[in-house]
Structure formats: C-alpha cells, structure tokens
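Remarks on the structure that follows.
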Amino acid sequence: MGDGELRKFFEDYTARDGVFVERKALQTNYLPDSLPHREEQIKQIANILAPSLRRGRPSNLFVYGKTGTGKTHTTNHVVDNLITAAKEGNIPLKNIYVNCKLKRLADTEYRLIAQLIREMGGSIAATGLPTDEVYKTFFEIVDKQKALVLLVLDEIDQLVKKAGDEILYNLVRVNEELKQSQIVLLGISNDLVFVDTLDPRVRSSLSEEEIVFPPYNAFQLQDILRKRSEVAFKSGVVRQGVIEKCAAYAAREHGDARRALELMRVSAELAERGDSDEVKLEHIDQAEEKIERDRVIDVIKSQPKQSQATLYSILLSTKKEKQIISTGEVYNAYKTISSQVGLRPLTQRRISDIISELDMLGIISTKIISKGRYGRTSEISLAIPPPIFDRTEQLLAEGLALS
DNA sequence: CGAGATTCATGTGAAGTATACCTTTAGGCTTAA
DNA sequence: AAGCCTAAAGGTATACTTCACATGAATCTCGTA
C-alpha cells in the first residue's frame with residue numbers, strides 16, 4: 001500500500017459511519033456506574049467494609065462465584081467508592097489489587113509478594129532475594145503507609161493451586177507484625193469449593209465473611225447487555241434478537257456476563273469491519289469463533305518454547321493418528337520435534353508436568369485411565385475447536401522455527 | 001471358575017542439580033586534600 | 001585517607017532431572033469345585 005493509498009484508507013476509515021459511539025463500554029475492564037442485579041451483593045460488601053470509615057478494621061472477606069458473575073467489578077466498585085469516601089473524611093485507606101492469574105506475574109509466593117510491593121510503588125528484584133527479605137520489604141512499605149490497606153487478591157484459587165496456601169497464612173498473620181497499618185484481605189475465587197481445601201487456620205481467618213455470587217440468568221444478562229449497548233452503540237444499529245442471542249449463548253456458559261459483553265463487542269467489531277452498519281445475528285457466530293481463536297492464540301503465544309513444542313507434538317500426533325493419544329506417544333513425537341528445532345529435550349517426567357499445565361490452561365484435556373495389563377496413562381485430546389487447528393499449527397511452527 | 005498375584009506404562013512425590021540473579025564484602029584503583 | 005568500581009563469595013528462586021515408589025484394571029496363575 002503506497003502512502004497515498006494508506007492516507008485514503010485512514011480518511012475513509014474515519015469518514016465511515018461505524019456502529020460504535022463508545023466502544024469502551026463493552027470492553028472487559030470498563031467499570032459501569034451501576035451494576036444491575038448485584039444490588040444485594042454491593043450492599044453486603046459495603047456493610048462488611050464500612051467499619052473502615054470509622055477507623056476500625058473490617059473482617060477479611062471471601063468472595064466467590066463463577067467467572068463473569070461480576071465478582072471483580074462489584075468488589076472494585078465498592079472499594080473505589082469506599083476509597084473516595086475515605087478521602088473526603090480524611091481517613092487513611094489504601095487498596096491494592098492483584099490478579100493472581102495474570103501472565104506469570106504472581107504465580108508463586110515470591111512473585112506475588114514482589115508484585116504487591118510493586119503495586120505499592122516500591123521496587124524489588126525479580127529473583128535472588130530470600131523470601132523472608134521480600135516479606136520484610138513488604139511489611140515495611142505497608143507499615144509506612146500508616147493506613148488501612150485493602151488487599152484484593154483476584155483469582156486467588158489459581159495462586160493457591162500453584163503455590164500452596166502458606167502465602168495466605170503469612171498474609172493473614174501480617175497484622176500482628178504491623179504497628180501502624182492494618183491490612184484486610186479480600187479474596188476472590190472462581191472455585192466454589194476452594195475454601196474447603198484450605199488449611200483450617202487460614203480458612204477461618206480468611207473467610208471471616210463470605211459472599212456468593214450466583215450466575216446471571218438469561219434475562220439478567222439481557223438487561224446488562226441492553227444497558228451497556230445504549231452507551232456503546234448508535235441507536236438502531238443492533239438488530240432485533242442480537243442481544244437475546246448473546247445472552248442465551250452466555251447463559252449457556254454458566255451465566256458469564258464477561259463473555260456476553262465480549263461477544264457483543266466482537267460481533268460489532270466484525271460488523272464494522274465487514275462494512276455492515278448493523279450488528280446482525282450471523283455476526284455473533286463469527287464472533288464466538290474469533291473469541292475462542294484469539295484466546296487460544298493468546299495463550300499459546302505466551303507459553304514458553306518447551307510447552308509450545310509439547311503442544312505441537314500433541315497437535316501433530318492427534319492429526320496423524322487419532323483423536324486420543326497417550327503420554328508415551330506425545331513424548332516420542334516430542335523427542336523428534338525438539339531435536340528438529342534444536343531444543344534441549346526434556347525428560348518425560350517434565351513433559352508429563354507440562355501436559356498437565358496445558359490441561360489447566362484448557363488447551364487440551366486429559367484423563368488418567370488404567371488400561372489394565374497395558375499400563376496406566378492419560379488420554380490426551382485437544383480442546384481446541386477444529387476450525388482453528390490450522391492457525392494453531394502454523395503459529396506453533398513459526399514460534400518454534402525462530403528459536 | 002474365581003480369587004489373588006502379576007504386569008505394564010506412567011502418574012507422582014521428594015530430593016538433587018544447573019542456572020540466573022541478588023547482596024555483601026574485600027581488594028584495588030583513583031582522586032582530592 | 002576517602003571514595004568508587006570490580007570481582008568473588010555466599011545466598012536464593014526456578015526450571016529441570018534423577019530416583020523411587022504408587023496406581024489400578026486387564027490378564028495370568030493356580031487351587032478348587
């Protein structure tokens with residue numbers, strides 16, 4: 001594309017009538033002013049946290065519910081308001097928010113605390129320090145605030161699954177050591193039975209209070225979508241039935257509002273890109289595929305080389321032979337592939353772990369079965385929808401060839 | 001024929017190793033008085 | 001003499017390896033009916 005053409009493209013682009021007025025309103029990190037159908041939970045959280053405005057220490061709170069039930073948004077909504085109120089009343093109150101699942105930022109004890117320090121505006125080495133040292137730095141930095149610190153740990157179940165519950169125990173204990181500050185833990189979890197797996201000491205102090213977020217039903221999802229759409233779109237661009245269909249799709253997935261909104265946004269983006277000035281039903285199906293593809297691609301890209309090589313092995317084996325393969329077969333394929341790309345071959349032990357990591361990421365699914373006389377293995381199959389096999393394969397091949 | 005014993009292929013836990021990175025410390029060099 | 005830089009020493013987290021043991025149902029074995 002020459003310069004002239006390019007400029008023309010941009011001019012056309014701006015001149016064209018899109019469907020959006022305020023695209024932001026549909027993005028996942030958008031915090032709307034009101035959260036429909038969560039009035040009850042807002043009230044509860046507010047009640048629990050309110051003592052902080054009288055300089056008291058609220059109970060630790062544990063929030064759980066499935067993905068996309070508004071846990072994060074509701075909590076942040078209340079916390080934000082609380083902070084504002086505190087500022088007006090001149091009460092020292094701070095909050096830290098960490099998402100434990102986010103891209104290897106906080107998936108071990110060390111990294112979580114390091115991340116907390118960074119959130120508090122401190123800096124800390126990424127590795128090398130003794131963990132006690134990191135805790136000490138954290139204590140000091142918190143204590144220096146002379147404030148009540150609301151520590152919001154999102155997706156806390158992921159963290160504990162990977163790093164154990166000792167971290168929580170340590171954090172719960174922190175208050176005893178702090179002289180001038182206090183912290184309050186707000187744990188958010190997708191896993192409903194998560195608390196039961198915790199050490200009893202941790203459980204009792206972490207979930208002094210508990211709030212459950214029930215999934216949205218289809219009607220509530222429609223409500224949410226309608227509200228957001230009013231802000232996001234020009235009037236009349238959303239075809240009859242689109243909202244209903246998005247809501248229905250998301251309701252099918254345990255009432256995931258995030259998914260519903262994403263579906264809506266991507267549908268609209270596809271409509272816009274396809275030169276349509278209306279969002280139609282067929283865009284939704286396209287959007288669903290695109291979302292899944294983007295998710296898979298995103299995950300794959302962020303994986304280390306060895307995991308990519310493993311996944312590639314699985315992909316090739318399932319394609320060549322059959323749908324379901326065993327660990328041994330994967331390892332054989334992996335050995336040839338790793339030597340082809342000049343990657344140091346890892347042991348089967350490690351590959352076994354990598355396979356279960358991939359399982360956790362939802363890219364493959366595994367099931368351990370015993371075949372009696374013929375041993376025990378996991379049955380591995382791809383959890384990627386077939387339409388994006390090719391793209392995935394290409395991506396992996398590229399990623400590996402470059403090394 | 002049926003109850004145990006066996007067997008296979010791998011899951012899984014624990015402990016050890018390599019690597020990359022951190023802080024501290026000691027020595028050597030430079031600099032300013 | 002004081003200040004600054006460098007390199008070595010001593011320490012840690014993480015990713016991986018090594019070793020060893022655990023699993024669990026199809027199959028085998030062998031005593032018994």
Side-chain angles (χ1 to χ4, degrees), chain A residues 98 100-120 122-141 158-171 197 199 299-314 317-318 321-339 341-361 363-383 399-400 403:
Chain A
V98 176
C100 304
K101 203 172 93 181
L102 222 62
K103 315 229 169 188
R104 310 185 149 257
L105 259 181
D107 60 356
T108 69
E109 180 172 17
Y110 186 100
R111 296 213 260 246
L112 172 72
I113 307 297
Q115 183 61 26
L116 290 179
I117 292 172
R118 265 176 244 125
E119 291 284 330
M120 298 288 290
S123 65
I124 190 80
T127 166
L129 294 178
T131 310
D132 316 4
E133 197 62 32
V134 184
Y135 269 108
K136 223 175 96 195
T137 324
F138 178 61
F139 287 161
E140 274 166 18
I141 206 164
Q158 298 285 329
L159 174 68
V160 171
K161 218 173 272 169
K162 280 200 158 174
D165 54 10
E166 213 166 296
I167 311 166
L168 297 181
Y169 180 66
N170 287 332
L171 284 176
T197 66
D199 185 309
V299 171
I300 290 173
K301 270 190 188 157
S302 67
Q303 283 313 100
K305 284 274 182 294
Q306 294 287 10
S307 302
Q308 291 188 0
T310 311
L311 183 58
Y312 192 51
S313 316
I314 296 172
S317 317
T318 48
E321 306 185 14
K322 57 236 159 189
Q323 293 290 302
I324 292 170
I325 52 175
S326 68
T327 309
E329 289 168 300
V330 172
Y331 188 60
N332 284 335
Y334 164 79
K335 269 193 295 194
T336 57
I337 282 171
S338 61
S339 68
V341 268
L343 217 54
R344 191 168 60 89
L346 302 178
T347 47
Q348 182 155 354
R349 178 71 185 81
R350 179 63 187 143
I351 296 302
S352 167
D353 280 350
I354 289 180
I355 288 173
S356 44
E357 278 164 28
L358 289 172
D359 184 25
M360 293 253 271
L361 289 168
I363 287 187
I364 61 175
S365 60
T366 66
K367 187 175 155 207
I368 302 158
I369 57 145
S370 177
K371 288 187 294 185
R373 190 75 170 68
Y374 305 105
R376 216 164 91 100
T377 183
S378 23
E379 288 186 330
I380 301 162
S381 60
L382 284 171
L400 292 169
S403 61

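Letters go in sequence order (proteins before strands), and every chain restarts at 1. No experiment lies behind these values; they were computed from the predicted model shown.
Side-chain atoms of A:S326 lie closest to B:dT10 of the nucleotides C:dC19, B:dT10, C:dT14. Considering only the side chain of A:R344, C:dC16 comes nearest among C:dT18, C:dC16, B:dT10. Of the candidate nucleotides C:dC19, C:dC16, B:dT10, B:dT10 has the atom nearest to the side chain of A:T327. Listed nucleotides: C:dT14, B:dT10, C:dC16. Nearest to the side chain of A:Y110: C:dT14. Closest to the side chain of A:R111, out of C:dT14, B:dT12, C:dC16, is C:dT14.
Rounded to whole Å, atom C1' of C:dA20 lies 16 Å from atom CD of A:Q348. A straight line from CD1 of A:I113 to P of C:dT12 spans 18 Å, rounded to a whole angstrom. Whole-Å rounding puts the A:I380 CD1 to B:dA9 P distance at 16 Å. Rounded to an integer number of Å, the gap from A:R350 CZ to B:dG13 P is 14 Å. If you measure from atom CG of A:D353 to atom C1' of B:dA15, you get 15 Å, rounded to the nearest angstrom. Remark: C1' of B:dC8 and CD of A:E329 are 15 Å apart, rounded to the nearest angstrom. Residue A:E357 contributes atom CD, which lies 15 Å from atom C1' of B:dG11 at whole-angstrom precision. The CG atom of A:L343 sits 13 Å away from the C1' atom of C:dC16 (whole-angstrom rounding).
Using a 4.5 Å heavy-atom threshold, the side chains of A:I380 and A:D359 count as separate. Between A:I314 and A:I363 there is no side-chain heavy-atom pair separated by less than 4.5 Å.
Without hydrogens or angle criteria, A:Q303 side chain to A:I300 main chain gives no donor-acceptor distance under 3.5 Å.
Distance check, rounded to the nearest 0.5 Å: OG1 of A:T366 to CD1 of A:I355 gives 8.5 Å.
When heavy atoms are screened at a 4.0 angstrom cut-off, A:S378 is found touching the sugar-phosphate backbone but no base atom.
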Close N/O contacts between protein and nucleotides 21-28 of chain C (under 3.5 Å):
from, atom 1, to, atom 2, distance (Å)
C:dT23, O2, A:R376, NE, 2.7
C:dG24, N2, A:G372, O, 3.1
C:dG24, N3, A:S370, OG, 3.2
C:dA25, O4', A:S370, OG, 3.4
C:dA26, O4', A:R373, N, 3.3
C:dA26, N3, A:R373, N, 3.4

Kindly give the atom pairs (protein nitrogen or oxygen, nucleotide nitrogen or oxygen) under 3.5 Å for nucleotides 22-25 of chain B.
from, atom 1, to, atom 2, distance (Å)
B:dC22, O4', A:T127, O, 3.3

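Judged purely by distance below 3.5 Å, without hydrogens or angles, the side chains of A:T137 and A:E140 never pair a donor atom with an acceptor atom.
Minimum heavy-atom separation, A:T310 to A:Q306: OG1-O, 2.7 Å. For A:S307 against A:L358, the heavy-atom pair with the smallest separation is O-CD1, 4.2 Å.
Under the 30°/60° scheme for interplanar angles, the aromatic rings of A:Y331 and A:Y334 are found to lie parallel.
The side-chain hydrogen bond (donor to acceptor under 3.5 Å, both in side chains) test applied to A:S338 returns no partner, not counting sequence neighbours.
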